[in-house]
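These notes are about the structure you will find just below.
None of the values given here were measured: they were computed from a predicted structure. In the text below, chain A, chain B and the rest are named by the order of the sequence lines, each starting its count at 1.
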2 protein chains.
Amino acid sequence: MGNINEIIELLRSKGLKVTPQRVAILQLLMNGGHFTMDQVLNELRKIEPNISISTVYNTLNTLVRLGILRSFEADGKTWYEMRKDPHINVICEDTGQIMDVDIDVSAIEREVSKLGIEIKDLNVIIRGNCRGTS
Amino acid sequence: MGNINEIIELLRSKGLKVTPQRVAILQLLMNGGHFTMDQVLNELRKIEPNISISTVYNTLNTLVRLGILRSFEADGKTWYEMRKDPHINVICEDTGQIMDVDIDVSAIEREVSKLGIEIKDLNVIIRGNCRGTS
DNA sequence: ATATGTGCAAAGGGTTTGCAGATAT
DNA sequence: ATATCTGCAAACCCTTTGCACATAT
């Protein structure tokens with residue numbers, strides 16, 4: 001997790017320059033979880049104290065465009081996560097946290113494709129109360 | 001569709017005052033479709049030329065809070081629609097339009113409930129290309 | 001050497017807020 | 001009569017943009 005050589009390889013393969021900022025951002029996100037720009041910025045400042053808002057946005061948006069990250073909007077902010085198998089994002093109204101729930105959504109994809117719609121991205125966002133789950 | 005007496009009844013039943021602005025907003029949304037605040041404002045100004053941004057926001061947010069409308073976020077904006085059976089919102093990247101696709105999502109609801117999560121709202125948002133569909 | 005990336009500050013777009021005057025009950 | 005609602009303007013996020021300097025290749 002967060003393997004540096006893997007990250008360098010990934011950036012190079014996409015034609016991106018390998019900068020400390022980009023490596024740090026990818027290391028953070030590769031450990032899993034969901035982050036807003038603000039959360040990324042705060043974490044990154046521990047490692048790269050001078051990293052700027054625009055660099056974080058630039059990087060996140062670039063990585064989304066290249067398909068490395070996914071983004072979705074909730075609570076008035078954009079959230080970023082590593083792109084992986086389609087899943088469900090559950091937003092807990094008590095804790096404000098977002099968690100992944102791995103449920104098969106291929107039935108929905110199949111139905112929608114049948115209608116002639118080419119799916120670029122699928123987001124299942126559930127707002128709820130996760131008390132009872134840890 | 002947009003039955004005025006029905007709307008008046010609805011507002012009264014929620015303890016809201018029946019104002020021309022609220023009636024007009026509900027009439028618009030009861031005909032179906034998805035609207036941003038801006039779209040609502042533009043439509044409403046045809047009927048109530050002096051209606052203000054804050055009134056539109058106030059009304060939309062109040063109606064969401066009372067469960068009459070649903071809202072979700074996409075493309076940096078909040079979208080509003082009448083609350084009805086769970087369905088899928090497909091955002092067409094070409095036309096920018098949002099359309100409903102009625103697909104059963106109860107399987108997902110069941111799975112998530114099993115995990116002890118109390119669902120307050122379920123959103124399935126698909127970004128795609130609707131060429132081929134009309 | 002040079003194309004690309006970074007940091008800063010300013011601008012942009014959507015949404016909320018505070019408040020005085022207006023309106024529904 | 002009065003609690004609620006409306007409209008206006010200002011304030012508040014979050015995100016993007018322009019540009020000079022710095023850095024990776």
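- A distance of 8.0 Å separates CG in B/N61 from OG1 in B/T78, rounded to the nearest 0.5 Å.
- Using a 4.0 Å cutoff on non-hydrogen atoms, no part of residues 89-98 of chain A comes near DNA chain D.
- Checked against salt bridge (Lys or Arg N to Asp or Glu O under 4.0 Å), A/E109 has no partners two or more places apart in sequence or in another chain.
- Note that CD1 of B/I68 and CG of B/L10 are 4.0 Å apart. Values are rounded to the nearest 0.5 Å.
- Looking at residues two or more places apart in sequence or on another chain, you find a salt bridge (Lys or Arg N to Asp or Glu O under 4.0 Å) between B/E93 and A/K120.
- When all heavy atoms are compared, the tightest approach of A/I25 to A/V56 is CD1-CA, 4.2 Å.
- Smallest separation of non-hydrogen atoms from A/L44 and A/A24: CD1-CB, 3.1 Å.
- Across every non-hydrogen atom of B/Y80 and B/L29, the tightest pair is O-CD2, 4.1 Å.
- Note on B/K114 versus B/E111: salt bridge recorded, some NZ/NE/NH1/NH2 to OD/OE distance being below 4.0 Å.
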Could you run down the sub-3.5 Å N/O contacts of the protein with nucleotides 19-22 of chain D?
none

Scan the side chains in residues 95-105 of chain B for donor-acceptor partners under 3.5 Å anywhere in the protein, sequence neighbours excluded, and list what turns up.
residue	atom	partner	partner atom	Å
B/T95	OG1	B/Q97	N	3.1
B/D100	OD1	B/H34	NE2	2.6
B/D100	OD1	B/H87	NE2	3.3
B/D100	OD2	B/K84	NZ	2.8
B/D104	OD1	B/S106	N	3.4
B/D104	OD1	B/S106	OG	3.0
B/D104	OD2	B/S106	OG	2.8

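- Atom CG of residue B/L69 and atom CE of residue B/M30 lie 10.0 Å apart, to the nearest 0.5 angstrom.
- Taking CG of A/L26 as the start and CE of A/M82 as the end, the distance is 6.0 Å to the nearest 0.5 Å.
- A heavy-atom distance below 4.0 Å to DNA chain C is reached by these residues of residues 11-24 of chain A, ordered by number: A/L16, A/K17, A/T19, A/Q21, A/R22.
- Within 4.0 Å of A/T36, counting heavy atoms only, lies no atom of the nucleic acid at all.
- In this structure, A/I53 CD1 and A/N58 CG are separated by 11.5 Å, a value rounded to the nearest 0.5 Å.
- Checking side-chain atoms of A/E43 against main-chain N and O of A/V40 turns up no donor-acceptor pair under 3.5 Å.
- Taking the screw axis at each terminus of the helix from C/dA1-D/dT25 to C/dT25-D/dA1 from five consecutive base pairs, the angle between the two is 40° to within rounding of 10 degrees.
- In this structure, A/A74 and A/I91 approach most closely via the heavy-atom pair CB-CD1, 3.5 Å.
- Every residue was checked against the salt bridge (Lys or Arg N to Asp or Glu O under 4.0 Å) condition with A/E48, not counting sequence neighbours, and none meets it.
- In summary, contact between chain B and DNA chain C, defined as any nucleotide atom under 4.0 Å from a heavy atom of the protein, begins and ends at C/dG14 to C/dT25 in the 5' to 3' direction.
- Atom-to-atom distance recorded for B/L11:CG and B/R22:CZ is 7.0 Å, nearest 0.5 angstrom.
- Residues from residues 57-73 of chain A lying near DNA chain D, meaning a heavy-atom separation below 4.0 Å, are A/Y57, A/N61 in numerical order.
- Taking each heavy atom of A/S71 and A/N123 in turn, the nearest pair found is O-ND2, 4.0 Å.
- For the segment residues 37-55 of chain B, residues with any heavy atom less than 4.0 angstrom from an atom of DNA chain D are, sorted by number, B/N50, B/I51, B/S52, B/S54, B/T55.
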Review point. Given B/I8 and B/I4, is the side chain to side chain contact (heavy atoms under 4.5 Å, CB included) satisfied, shown in steps?
Key: CA-CA 6 Å; B/I8 293 175; B/I4 293 200; 3.8 Å; yes
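- For the salt bridge (Lys or Arg N to Asp or Glu O under 4.0 Å) condition, the pairs that include at least one residue of residues 50-77 of chain B, sequence neighbours left out, are B/R70-B/E81, B/R70-B/D121, B/D75-B/R127.
- Residues A/T59 and A/T55 have side chains in contact (heavy-atom distance under 4.5 Å, counting atoms from C-beta outward).
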